[in-house]
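Below is one structure, written out as structure tokens; comments come after it.
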Number of protein chains: 2
Amino acid sequence: MDAPPETLEKPAANKERLRLWIRLLRAARVVEGELRDRLKREFDTTLPRFDVLSALYRQPEGMLMSDLSRFLLVSNGNVTGIVDRLVTDGFVVRANRDGDRRTSIVRLTEAGSARFAAMAEAHEIWIAELLGEVSEEDARRLSVMLKAFRSNWENEH
Amino acid sequence: MDAPPETLEKPAANKERLRLWIRLLRAARVVEGELRDRLKREFDTTLPRFDVLSALYRQPEGMLMSDLSRFLLVSNGNVTGIVDRLVTDGFVVRANRDGDRRTSIVRLTEAGSARFAAMAEAHEIWIAELLGEVSEEDARRLSVMLKAFRSNWENEH
DNA sequence: GCAAAATATTTCAACCTTGAAATTTTAGGC
DNA sequence: GCCTAAAATTTCAAGGTTGAAATATTTTGC
């Protein structure tokens, strides 16, 4: 016997999930907005640029455009524009890859790496400050839940 | 004696908060992306338009542009554009308010109200489906945490 | 080898988003 | 009653975002 589909199982649970989603989205927007302001004020940059630098910082050997797009959960065309601007600013380079002329490896420059290191340090402090009310215990629990949510999602899609 | 500032209190807790933030942001993006796709496919609309309709649906007497902006956590100029397009589509009207010619009350039309009701029904099911792995118990706990986070934020800002 | 399918990326139009400047109207001080 | 400040909104430029179409290259099947 199959279990009934989740969505019909218990109406109250679904209302609770809806409330959860709305609050999660609002919390994310509040924090995101604050980070955007601070990145602009203190480093004259944007959140998407920060995200790209962050991804590249973890992969010193570089990433393909499609790697970036998949990792950041944004479209290919989007990454093109952001990387273009980062190249103009001198924080990133596109290196030719012999063997496949369709692709190029995107890598941080020295300047980009140094710049990101400074931003990351501030960023960590900002998050500590913005999420200061969340206890270490709560943070751990919530974090585990969200990780489970995501791996589950990845497996199904 | 004052307690030490949160950010210096315990480095491990801050790492945990940083991890939490990253996971929260990713979860929000995954769900948001899926909602965007479905709203487009099934109702030929966008998330920001849905958000505006949703806000207006809860306030049948209408809202000022600045009310919408504050409630949705987006800029004034942003709301102007979205409402303009909703007016063009016939889902929303701007009514003159006697007494103050700077402002106008934005309200749902009959069509807008009916349209939103249909979308809201689907939306609730989608969320139930997307967050199906989160137990009712977890949802409630998480939801309470996020609510506390937000009221705390509101009080400080 | 070559045509066709698959892959990686860019381009583009439409929309979303912000923050700052401009516009319009109202409220206050005198 | 004026003049100035305040308030609500719109306008605008720059950038972010998507999805679809276009481009360029590589791989596959035969």
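Computed from a prediction, not measured in an experiment: that's the story for all the values here. Residue numbering restarts at 1 for every chain, and letters A, B, ... go by the order of the sequence lines.
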Which residues share a salt bridge (Lys or Arg N to Asp or Glu O under 4.0 Å) with [X], sequence neighbours left out:
X       : answer
B:Glu61 : none
B:Arg23 : none
B:Glu42 : none

Original post:
With nearest nucleotides of DNA chain D determined for B:Thr80 and A:Gly81 from heavy-atom distances, which residue corresponds to the more 5′ nucleotide?
Top reply: B:Thr80
Check every strand shown and say whether [X] touches a base, only sugar-phosphate, or nothing at a heavy-atom separation below 4.0 Å.
X       : answer
B:Asn78 : base
B:Gly99 : sugar-phosphate
B:Arg94 : sugar-phosphate
B:Asn76 : base
A:Asp84 : nothing

If we only count heavy atoms from C-beta on, is the [X] to [Y] side-chain gap below 4.5 Å?
X        : Y        : result
A:Asn14  : B:Ile127 : no
B:Trp126 : B:Leu39  : yes
B:Arg70  : B:Asp67  : yes
B:Thr45  : B:Lys40  : no
B:Arg94  : B:Met65  : yes

Original post:
For A:Leu64, what are the other residues in its hydrophobic cluster, where any two members join if their side-chain heavy atoms are less than 4.5 angstrom apart?
Top reply: A:Ile105
**OP:** Please list, by residue number, the residues of residues 38-59 of chain A whose heavy atoms come closer than 4.0 Å to an atom of DNA chain C; answer none if no residue qualifies.
**Re:** none
Original post:
Which of residues 60-75 of chain A have a heavy atom under 4.0 Å from DNA chain C?
Top reply: A:Leu64, A:Met65, A:Ser66
Original post:
Just how far, in rounded Å, is P of D:dT17 from CZ of B:Arg36?
Top reply: 10 Å
Under 3.5 Å, which N/O atoms of the protein pair with N/O atoms of nucleotides 1-5 of chain D?
none

Subject >> Derivation of the side chain to side chain donor-acceptor pair (under 3.5 Å) call for A:Thr103 and A:Arg97 >> reply: CA-CA 7 Å; A:Thr103 64; A:Arg97 215 169 55 129; 3.0 Å; yes
Original post:
Sequence neighbours excluded, which residues qualify as ring pair (Phe, Tyr, Trp, His ring centres under 6.0 Å) partners of B:Phe116?
Top reply: B:Phe50, B:Tyr57
Original post:
Taking only residues two or more places apart in sequence, or in another chain, which ones meet A:Lys15 in a side-chain hydrogen bond (donor to acceptor under 3.5 Å, both in side chains)?
Top reply: B:Glu124
Subject >> A:Glu136 and A:Arg141 ion-paired at < 4.0 Å >> reply: no
Subject >> B:Glu32 bridged to B:Arg36 by N-O distance under 4.0 Å >> reply: no
Original post:
Per the end-axis method with five pairs at each terminus, what is the bend angle of the helix from C:dG1-D:dC30 to C:dC30-D:dG1, to 10°?
Top reply: 10°
Original post:
Quick one: on DNA chain C, does B:Arg102 or A:Arg102 contact a more 5' nucleotide (nearest heavy atom)?
Top reply: A:Arg102
Can you give the donor-acceptor pairs under 3.5 Å from side chains of residues 24-31 of chain A to other protein atoms, not counting sequence neighbours?
unit_1	atom_1	unit_2	atom_2	d
A:Arg26	NH1	B:Phe71	O	3.3
A:Arg26	NH2	B:Phe71	O	2.3
A:Arg29	NH2	B:Asp51	OD2	3.4

Subject >> Donor-acceptor contact present, side-chain B:Thr109 to main-chain B:Gly90, <3.5 Å >> reply: yes
**OP:** Tell me, please, the opening and closing nucleotides of DNA chain C, 5' to 3', among those with an atom under 4.0 angstrom from a non-hydrogen atom of chain A.
**Re:** C:dT7 to C:dG19
